[in-house]
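Following: one structure in structure tokens, then a few remarks.
Each chain gets a letter, A, B and so on, in the order its sequence line appears, and its residues count up from 1. Heavy-atom basis, side chains included; hydrogens, waters and symmetry copies ignored.
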There are 2 protein chains.
Amino acid sequence: MVTVRDVARASGVSISTVSRALSDPTRVAAATRDRVQAAARELGYEPNRAASGLRSGRTATLGVVVPDLENPYFASVAKGVQARAREHGYGVFVVDIEEDASREAEEVRTLLAQTDGVIVASPRGTDREVRELVERAPRGRAVLVNRRIDGVPSVTADDVAGAARALEHLRALGHRRVAYVGGPETSWSDRMRREGLRRAAGAEGAVDAVDLVDLGVFRPHVQGGYSAADLATGAGATAVVAYNDLVALGVEQRLRERGIAVPGQVSVVGFDDTFVATLASPPLTSVGTDLRAVGAAAVDLLVERLTDPDAVASHVVRPTELIVRASTGTVVA
Amino acid sequence: MVTVRDVARASGVSISTVSRALSDPTRVAAATRDRVQAAARELGYEPNRAASGLRSGRTATLGVVVPDLENPYFASVAKGVQARAREHGYGVFVVDIEEDASREAEEVRTLLAQTDGVIVASPRGTDREVRELVERAPRGRAVLVNRRIDGVPSVTADDVAGAARALEHLRALGHRRVAYVGGPETSWSDRMRREGLRRAAGAEGAVDAVDLVDLGVFRPHVQGGYSAADLATGAGATAVVAYNDLVALGVEQRLRERGIAVPGQVSVVGFDDTFVATLASPPLTSVGTDLRAVGAAAVDLLVERLTDPDAVASHVVRPTELIVRASTGTVVA
DNA sequence: ATGAAAGCGCTAACAG
DNA sequence: CTGTTAGCGCTTTCAT
């Protein structure tokens, strides 16, 4: 193993100069700096993170906790986190809690002890639990994704606006009775999406008011949508908005089986605009956000607070966009 | 921050006893052990990984390099790696090289310097490059997934058998002309899949021999299959085997657009049996492997070699299975 | 601008 | 079975 001592010997300086030349090149004469850096490169020197971390108190590592890496949503967020962290010089510990809310707090705690900061994506606990969990983090070393709690920095998508957009789209196509297939109860996004739909549906009795049928809570997977589809048609809805793309695919699947045309008889809208939206047939109209950007924003927030401990807890709200594809169409009489 | 000293003081023993009681409880009297552990819990002691790593030379961290986390294939492998590593007490650094072969070597090198071992999933470099990259790893601290090189431990799927199975399935359905939509040239799996198909196709002129049409190299995404579909029908194939599920979906998509029934006129088979296979319409017949198990096996291999440096480099070959769904059917005259 | 020296928290000899 | 001590590789005062 090549250490600072080896580099120091090779370049004829002391180990402290090596350390400086490599970490903060401005604090060393240009000539010395070059000599040291050349020696380091030649010897294949790689700083020992454990040692530098022990001394400096920084691990140069971030943690990200996701409910399920196989969910394309979180895969994208994790990808964004990893990429941006790398740009800032941080490595990333990824922890998949397998949708088990009870593991969340424990994993965050462990990660907090071995990283500089943690990103918790779509926390599964209640607001109370999440707040407690995060307040144990000294100086705001935790950032939430998809959950907004006062005093805790977070990155969320503008789901309210996105959902409203979706509803307006459906209204414009003539739909007056729209069903919503809901997601997990602890999902903050679900609450926001509901809210957006409700607001956009308009006052009861208004000329262009839309009847919103809440189908309840379903598993956020294909199966959930498959189970909900019949309820939607039974309720007389001509359009279905689903908690996410997978659920929407489940709805499409069941409708197809029953010979109900999409969008001929029923229109379907998903959320998240993950790549599966384009795989569906018909391809899915979906409310999307740039998920990698969400992950990247969370890293930026964290790094900012790590660098400047006095930074206030800010809430970044990323824009959402309605991507119209073939799964939505006009109402037939 | 709570350190061993605090725990030592609280439990009335020396710091080394604390260290022992916490890491190897057998080397300490039962009563002492309990006292120390209680104190540690009460104080909320979390060992400092940097410090223990610095002293012991172990980082308790593994690295995994994947070409693309958003690819469901690698998401599953990464998930398997993370879960199993956790069971062994290791954290996992995930690095996504964004399908950029030129970043591979550098990332592996960096990772090797800050972890105990590295798993390289589906290396994108040539055999030569991969061998060089891995031989820099002292004492076999690298394991390959989806690439078999002598002397380097690896986990692969039995793609030859899987591909053969797929071809036999098609033959049994009456297909005598089958097209293969190939994947990346540096893909070892692609080579094996080709080989399996070739072998199972049988000797030319045999009664039940199958004509294998090689369509060439395509991008391993939906678009690749979409582009290849017309070539397959143009070549008179009644069945198409695709490099992976996404490619197969692309084939299905294009065929549907052209009004060619699947499986009525053309059957389609994918590889990897990722969750997207079930999303397709019709759902895709696919040759699958338990991808989480692949990741887990890679971790086991690595941990074994980390624990016993004399362990020989073994090659784990995971079984593949043909999952028959609605995208394959009998040939119509 | 550079060097000497201390010490981060822990584990591993070595004593006892 | 337990305590003492040294030191992992690095960063960071404090001198010079």
Side-chain angles (χ1 to χ4, degrees), chain A residues 1-40 43-61 89 91 110 112-116 138 306-307, chain B residues 1-40 43-61 89 91 110 112-116 138 306-307:
Chain A
M1 170 181 262
V2 184
T3 76
V4 275
R5 312 192 90 82
D6 301 314
V7 180
R9 204 172 310 123
S11 47
V13 296
S14 74
I15 61 166
S16 24
T17 300
V18 171
S19 176
R20 281 189 280 256
L22 262 24
S23 58
D24 184 2
T26 63
R27 300 200 311 155
V28 132
T32 324
R33 181 198 348 107
D34 295 344
R35 201 144 36 89
V36 171
Q37 289 180 346
L43 296 174
Y45 170 74
E46 287 274 355
N48 179 324
R49 281 169 92 109
S52 89
L54 178 56
R55 184 62 240 239
S56 67
R58 293 184 59 247
T59 60
T61 299
T110 311
L112 237 16
Q114 32 187 260
T115 62
D116 292 339
L306 259 28
T307 314
Chain B
M1 170 182 259
V2 184
T3 76
V4 275
R5 312 191 90 84
D6 301 314
V7 180
R9 202 172 312 122
S11 47
V13 297
S14 73
I15 59 165
S16 30
T17 301
V18 171
S19 176
R20 281 190 280 256
L22 262 24
S23 58
D24 184 1
T26 63
R27 302 200 310 158
V28 136
T32 324
R33 186 207 331 117
D34 294 344
R35 203 145 35 88
V36 171
Q37 290 180 344
L43 295 174
Y45 169 74
E46 287 275 356
N48 179 323
R49 280 170 90 113
S52 93
L54 179 56
R55 182 62 241 233
S56 67
R58 292 184 59 247
T59 60
T61 300
T110 311
L112 238 16
Q114 32 187 259
T115 63
D116 293 339
L306 258 28
T307 314

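The shortest side-chain heavy-atom distance between B:Val28 and B:Val36 does not fall under the 4.5 Å cut-off. A:Arg49 places a side-chain heavy atom less than 4.5 Å from the side chain of A:Thr61. With contacts defined as side-chain heavy-atom distances shorter than 4.5 Å, the pair A:Val18/A:Tyr45 does not qualify. Put simply, the side chain of A:Thr3 reaches to within 4.5 Å of the side chain of A:Asp6, judged on heavy atoms.
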Under 3.5 Å between N/O atoms: give me all the protein pairs with nucleotides 12-16 of chain D, atom names plus distance.
none

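Where DNA chain C meets chain B (any atom under 4.0 Å from a heavy atom), the bounding nucleotides read 5' to 3' are C:dG9 to C:dA13.
By the side-chain contact (heavy atoms from CB on, under 4.5 Å) test, B:Ala10 is found to be paired with B:Ala39, B:Leu43, residues two or more places apart in sequence or in another chain being considered. Legend: residues meeting side-chain contact (heavy atoms from CB on, under 4.5 Å) with B:Ser52, ordered by chain and number and at least two apart, are absent. B:Thr59 pairs by the side-chain hydrogen bond (donor to acceptor under 3.5 Å, both in side chains) definition with B:Asp116, not counting sequence neighbours.
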Could you check B:Asn48 against B:Met1 for side chain to side chain contact (heavy atoms under 4.5 Å, CB included), going step by step and ending with a plain yes or no? CA-CA 9 Å; B:Asn48 179 323; B:Met1 170 182 259; 4.0 Å; yes
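In plain terms, the two heavy atoms of A:Ile15 and A:Arg5 that are nearest each other are CG2-CA, 3.8 Å. When every heavy atom of A:Gln37 is checked against every heavy atom of A:Leu22, the shortest pair comes out as CG-CD1, 3.9 Å.
Of all the residues in residues 46-54 of chain A, A:Leu54 reach under 4.0 Å from DNA chain C with at least one non-hydrogen atom.
One can place CD of B:Gln114 at 15 Å from C1' of D:dC10, the figure rounded to the nearest angstrom. Regarding A:Tyr45, its OH atom lies at a distance of 7 Å from the C1' atom of D:dG9, rounded to whole Å.
Each of B:Val13 and A:Thr3 has a nearest nucleotide on DNA chain D; the 5'-most of these lies closest to B:Val13.
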